[in-house]
*Asks:* 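First, the structure itself, so that you have it in front of you.
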Amino acid sequence: MIFKAFSNRDDSVIGPPACPGAGRGQSRAASHLTTEPPRTAQDNGTICCRCRLSSAKTEFNKAPIRGSERGHYSPATGKAKGSGTPARCGAERPGHGGARPARAACLKLKPFNGCVDPGLRLRRELPAADALDTFVETTKLGVVISFILLKKSNSFSIFQDQAEQFFRSGHTNNWAVLVCTSRFWFNYRHVANTLSVYRSVKRLGIPDSHIVLMLADDMACNPRNPKPATVFSHKNMELNVYGDDVEVDYRSYEVTVENFLRVLTGRIPPSTPRSKRLLSDDRSNILIYMTGHGGNGFLKFQDSEEITNVELADAFEQMWQKRRYNELLFIIDTCQGASMYERFYSPNIMALASSQVGEDSLSHQPDLAIGVHLMDRYTFYVLEFLEEIHPASQTNMNDLFQVCPKSLCVSTPGHRTDLFQRDPQNVLITDFFGSVRKVEITTETVSLDSDLAGFESNLPKDELATEPLKYAEQLPVAQIIHQKPKQKDWHPPGGFILGLWALIIMVFFKTYGIKHMKHIF
Amino acid sequence: MTLWHVLPRGCPLCLSTWLLQRLWGLGLVGSLKLCSPAVRTSITSRYEMVYRSTTAQEEAALGAATAQEADAALRPLQDASLGALTMYVVPETSSLLPQGISVYVGKHRGALVRAGGSLAALRTRLRQLTQVMSFTASSIAAALSDRVPDGQLGPDARRHLKSSLGYEITFSLLNPDPKSHAVDWDIEDAVNRYVQPVLDKLSLVANFSVDSQILYYAVLGVTPRFDKESSSFLLSAHSLPHVINPVEARLGSSAASLYPVLNFLLYVPERSHSPLYIQDKDGAPVSTNAFHSPRWGGIMVYNVEAPASPQASLPLHVDVDMVRVMEVFLAQLRLLFGLSREELPPEFLLESPGSEGLAHWELDRLLWAHTVENIATVSTTLTSLAQLLDKIGNIVIKDDVASEVYRAVASAQSAMAKLATGHLHSAFQASKEAVTSSERAFFDPSLLHLLYFPDDQKFAIYIPLFLPMAVPILLSLAKIVRETRQRKKEPTKMD
C-alpha cells in the first residue's frame, strides 16, 4: 500500500478549484456539523465556505446573482437569516464569478462539501505518505529512506501496472438507474433515499445525461410538506437532498413496472426523449438502486402493482443478451430485499440488499417538524460511507459489504457476488458510483496542408431540397373527432366460455325440467 | 477475399511459375444456427491471391521518380473495388523505394514491394503486408469481442467505437476566462476544409453529423500544478480521468441525436494557468497537448502566448490556429475508430494519408471489422429474440415484427454470402440492413413480457372465483347422474 501511496502522491489536486480562506469564518454557522478542525496549515486556504441554502420558500427559488450569495440557515432558530452575510465562495477567483453553478448544498454527515479539495482528502487518507513527505524533506535519513523506497517502487510499478491491467474493469462509461417506487406522504423516506444516492452519484461524476431517476411521488412540492421545495435526509434538516439541480426523468405515475422494464430492456417507444432512455452499451457499468416496499420475491410499485424477482432476472438477462451492460451493481433497500436478487442468472451482476428474507428493513429516525421518517437505515449508512469517497478513491466493494452491520441496521444486509467475475476486493466503488474515464494520451497527429484554399469535395453532393420546417402533428384532433369507432373483428367465444355456458344451461334445464327448453328454441 | 495482383518485374524465372499458382485457400464462412440455445458462430478467413504481369501502362507509371508519384499514377489503373488490394513487386535495384525500405504502402489500395532475396522471403513479406493492410484473425476476433466468451480477451479489447448507423461529432471550445481571452475560432471553415473530406470518405461507413459550440466559464475539474523549472502549469497523467466529468454535464450531449456522440473539446486555459501542458506517465510534456478517452472523444489544450507587453488590454483577442487543432482532432478521430498505425517492421514505410484523413485500405479494414461485427450482432440479437419467444409463450408477435425478422435473416445470409466471395461493399450494405431490421424487431415496444404467472398465483386467482360458482353446478351434475342411473334401473312403466 505504501508504494501505491508513493507513486500516486502528487501535488495536483482533484476537484473544483479551491475556494479562498473566507470559509473559515463560517464554521460558526455549522454548529451542528461534526466539523473536524483542519490539520495542517495548508488546509486553511482550501476549505470552502459552508454555504447552505435557505429553506424559506421565498429565498429558495430565487435565482442567485452570484453562486455564493445565499442566506444562512441556522438550525437552532429555524429561521433564515437574511442574505446580509453572504458566504463568498469562490467570489475572488478570477473568471469563476458569475456562471459558476451553485454547488452550495453542503452535506451534513461529514465535513465534506462539494468544494473541499479532495486532494486534501488524499493526504488525509494516507497519513503515512504525508508523514513520509515531511520526513523526506527534513532529514538526511529521510533521503536515504526515500531513495530505497523509490528504487523499490520503480520495479514494483511495472508489476503494478500489469496487475492493475488485469484486475480493473473494462468499462468506459457509467450509468445509474435510481428508482423510488412508493407514493404517498408517509413514504417520504423512500424518495429521500433515492435522492441521496442520486446526489452521491452526481457528486462522484456521473452526469445527468447518464442517470435515469424515477421518483414515484413528489415530496418536495407535496401539500403536506411543511418545508416546501426541500427533501431532507437527516433530522434537524441539515441536508437538503433536493437541491436545485435535480433532474427527474420519470415522475409520479410514469413510474410503473412496465416503464421500468422498458428502460432496462430498451423496448421504448420511439417518441421517448433521450433523457428517458438507458443508452448503455457493452462497456457500461450500470448501478441500479431500488427502494420502496417489498416482500418475499416482489417489490411494490405505486401501491397498485408489483415486480417479481423473476421478471427482474429476466430483464437483466435480456440486457445481457443484448450486451447492454459490462457490469451491473444492484442495490435494493426494502423489506426482505435479499429475495429480489435470488433469481439472477446473468453474468457480471453484483447485488446488495438491506435485509434478508423474513426480515424487515427499518427506517432511521423520524423528524418531528416534518412528521415522517426521513431515511431508511441501510441507505443512511451507505450514504455515510459514500461521503468518504471521492473520485480518486481506491476503496473497494468489500468495504461496502461491511456497511451497516446488524447492530446499526437491525436487519442483516446481504450481498451476492457469485455471478460477478472479478473479485470484489478489486472492484472500486467508483467503478459503479463514479465515472472515472479511461484516457489515453494522443501521440499522433495527422499532417494537413495548411493552404487548402477553395477546397471542394471530391464526392458529388446531391442537393437536398430543403423543405420549410414545421411542427410535427402532435395530436390529429380532426381525425379523432371525426373518427368512426374502429371495427373490431368479431371472434367467436373461446372453448372455455362455451363449455361453461353449455354446462350451466344443461344443468338448469335438467334441474328445472326439459319443458322450458322448447320456449327457447 | 482480397485479390492480389503481384507483378513480378525483371524476374523471368518467377513469371512462369507464379502465373499458374494459387496460394492458401481458405474461405470466409459463417455458420449461423438460430434455433439452438448454444450458438456457435465461427468465422474463418482467407486471402485469394492472383498473380499477373504488369501492363504497359502500369510499367509507365512505375517509372516515376518517387514512390508517392508512382502511387498516385497507379491509382486509376488499380482495381478500385472495396477490399481489393494491388501489390507491385519491383526489382531490387529499383530506385522507387528509398534505401532500407522494402515495402511502401500507399494512400489508396496499392503497395510497392521490393523483390529482394528468395521467393520465401518475398512470400513472408507479402503475408506481413497483407496483415497490415487488411484484416487479420486478431482484428476479426476483436470485432467480435463482446461475443467472445469472457476471459479470452482482456478488458481493454475493442474499445473502439462500436459499429453504428450514424455518429454525431461535436466540437466545443471551452473558454473559462472570457475576461482575459476573447477566443475566436473559425470552426465552420475548418470543418468544411479539413473534417468534411474525412467524413465524406467515411460516409460509406455511417452517417455523420457535425455541430459545434462555445462554452464560457467551463472549467476542467482538476487544478493544475505549477512547475518552477519550466514555469508552466502541468496536468499529470493520472489526474486526466477526472477532467472530463465536470465538463460533460455542460456539453449538452443529451440533447443530441440518439447516435453515439463524439466530443472534441478545445480548452483555452485561463490567464492565471497559462501555459498549461499535459504530462504523460514519465513526466514529459506531451507534444500534442491532447488526450482522448475511448468511445467518448478528445480534449486538446491550446495555450495562448502571453502578450508581449504586460500592459496589453484585456481581453486578448485570440485567433485559434485551426490547422494545428484539426491535426490533433483528426488524429483522435482516427484513434477512436481504431485506425491506429500499429508497430511495423522497420522496413515498412506507410504513406501518411495527409488531408484525406485515412487511406483507402484503412477504410477497407474498418469495413471488414464492421461487417463482421454487424453480422455477429444480428445473429445474437435474433437468437436471443427466439429464446425469449420460446420462453414466454404468450407474447403476441405483430406482423411488422415478423417481417423485420425475416428481412434481417435474409440480409444476414446475403451478407455472409457476399463476404465469402469478397464483395465487401455489398456485404457491408447488407449487414447494415440486417442490423437495422434486427434491432427494430428486437426493440419493438410491443415485445414486453409482463406476464409472469407462477402456479401458486394462478391458484390464488382462479379458485376464489370459480369454486363458489362451481359448487352448485357440480352438485347438480351429481344429482343428474344419480337420477339417470335410477331411471335406468327402474323398469319403464308400461301402461
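Proteins get letters first, then strands, A, B, ... in listed order; numbering begins at 1 in each. Because the structure is a prediction, the values reported are computed rather than measured. Values below: every heavy atom of this structure, side chains too, minus hydrogens, waters and symmetry copies.
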*Asks:* What part of A:Leu503 gets closer than 4.5 Å to chain B, counting heavy atoms only: side chain, backbone, both or neither?
*Replies:*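 When you check distances to chain B, only side chain atoms of A:Leu503 fall under 4.5 Å.
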*Asks:* By a 4.5 Å heavy-atom criterion (distance strictly below it), what part of B:Glu439 contacts chain A: side chain, backbone, both, or neither?
*Replies:*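 B:Glu439 touches chain A through side-chain heavy atoms alone.
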*Asks:* Can you tell me how far the OG1 atom of A:Thr445 sits from the CE atom of B:Met326, to the nearest 0.5 Å?
*Replies:*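 Spacing of OG1 (A:Thr445) from CE (B:Met326) equals 14.0 Å.
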*Asks:* Which bit of B:Leu335 is near chain A, if near means a heavy-atom gap under 4.5 Å: side chain, backbone, both or neither?
*Replies:*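 When you check distances to chain A, only side chain atoms of B:Leu335 fall under 4.5 Å.
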*Asks:* Just so I know, are the side chains of A:Ile441 and B:Leu240 near enough to count as touching, which here means a heavy-atom distance under 4.5 Å?
*Replies:*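 A:Ile441 reaches B:Leu240 side chain to side chain.
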*Asks:* May I ask you to decide if B:Asn245's main-chain N or O and A:Arg437's side chain share a donor-acceptor pair within less than 3.5 Å?
*Replies:*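 No: the side chain of A:Arg437 does not pair with the backbone of B:Asn245.
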*Asks:* Quick one, A:Lys438 with B:Arg295, criterion side chain to side chain contact (heavy atoms under 4.5 Å, CB included). Give me CA distance, side-chain angles, the key distance, then yes/no.
*Replies:* CA-CA 10 Å; A:Lys438 307 282 184 291; B:Arg295 296 204 186 174; over 6 Å; no
*Asks:* What residue, out of B:Leu333, B:Ile299, B:Leu447, has the most heavy-atom pairs lying under 4.5 Å from chain A?
*Replies:*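 Counting heavy-atom pairs under 4.5 Å, the top option is B:Leu447.
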*Asks:* Which one, B:Asp280, B:Leu388, B:Asp444, B:Val286, leads in non-hydrogen pairs under 4.5 Å with chain A?
*Replies:*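 Among the listed options, the one with the most contacts to chain A is B:Leu388.
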*Asks:* I need the residue from A:Pro207, A:Pro270, A:Pro273 with the largest number of non-hydrogen atom pairs under 4.5 Å to chain B.
*Replies:*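 Ranked by contacts with chain B, first place is A:Pro207.
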*Asks:* Measuring from A:Lys510:NZ to B:Thr484:OG1, what's the distance to the nearest 0.5 Å?
*Replies:*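 Here the rounded value is 5.5 Å.
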*Asks:* Measure the CZ-CD distance between B:Phe443 and A:Gln318 for me, rounded to the nearest 0.5 Å.
*Replies:*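 Taking CZ in B:Phe443 and CD in A:Gln318, the distance rounds to 9.0 Å.
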*Asks:* Counting only non-hydrogen atoms closer than 4.5 Å, does B:Phe233 touch chain A with its backbone (N, CA, C, O), its side chain (CB onward), both, or neither?
*Replies:*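 Neither part.
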*Asks:* Closer than 4.0 angstrom, basic N to acidic O: yes or no for B:Arg250 and A:Asp208?
*Replies:*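 Answer for the salt bridge query: no.
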*Asks:* Does the side chain to side chain contact (heavy atoms under 4.5 Å, CB included) test come out yes or no for B:Ile244 and A:Val439, once each step is laid out?
*Replies:* CA-CA 10 Å; B:Ile244 297 179; A:Val439 295; 4.2 Å; yes
*Asks:* May I have the step-by-step check of side chain to side chain contact (heavy atoms under 4.5 Å, CB included) for A:Glu444 and B:Gln332, ending in yes or no?
*Replies:* CA-CA 8 Å; A:Glu444 304 175 2; B:Gln332 288 179 338; over 6 Å; no
*Asks:* Quick one: does A:Glu440's side chain get under 4.5 Å of B:Ser293's, heavy atoms only?
*Replies:*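 Not in contact.
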*Asks:* Identify which part of B:Pro294 has an atom lying under 4.5 Å from any heavy atom of chain A, answering side chain, backbone, both or neither.
*Replies:*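 B:Pro294 touches chain A through backbone and side-chain heavy atoms alike.
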*Asks:* B:Thr288 versus A:Thr443: any side-chain heavy-atom pair under 4.5 Å?
*Replies:*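 No, their side chains stay 4.5 Å or more apart.
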*Asks:* Can you tell me which portion of A:Leu500 sits under 4.5 Å from chain B's heavy atoms? Options are side chain, backbone, both or neither.
*Replies:*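 Contact with chain B involves the side chain of A:Leu500 alone.
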*Asks:* Find the distance between CZ (B:Arg334) and OG1 (A:Thr442) and round it off to the nearest 0.5 Å.
*Replies:*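 Between B:Arg334 CZ and A:Thr442 OG1, I get 13.0 Å after rounding to 0.5 Å.
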*Asks:* Mind ranking B:Val243, B:Val328, B:Ile278, B:Leu477 by heavy-atom pairs under 4.5 Å with chain A and telling me who comes out on top?
*Replies:*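 Top option by heavy-atom pairs under 4.5 Å: B:Leu477.
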*Asks:* Against the six-membered ring of B:Phe442, is A:Arg267 placed for a cation-pi contact (under 6.0 Å from the centre, within 45° of the normal)?
*Replies:*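 Judged by the rule, A:Arg267 and B:Phe442 form a cation-pi pair.
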*Asks:* Atom NZ in A:Lys322, atom OG1 in B:Thr380: separation rounded to 0.5 Å?
*Replies:*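 Those atoms lie 6.0 Å apart.
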*Asks:* Kindly indicate, with the supporting measurements, whether the criterion salt bridge (Lys or Arg N to Asp or Glu O under 4.0 Å) is fulfilled by B:Lys162 and A:Asp282.
*Replies:* CA-CA 9 Å; B:Lys162 278 173 71 80; A:Asp282 61 320; 3.7 Å; yes
*Asks:* Looking at B:Leu385, B:Ile480, B:Asp189, which one has more heavy-atom pairs under 4.5 Å with chain A than the rest?
*Replies:*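 Sorted descending by pairs with chain A, the first entry is B:Ile480.
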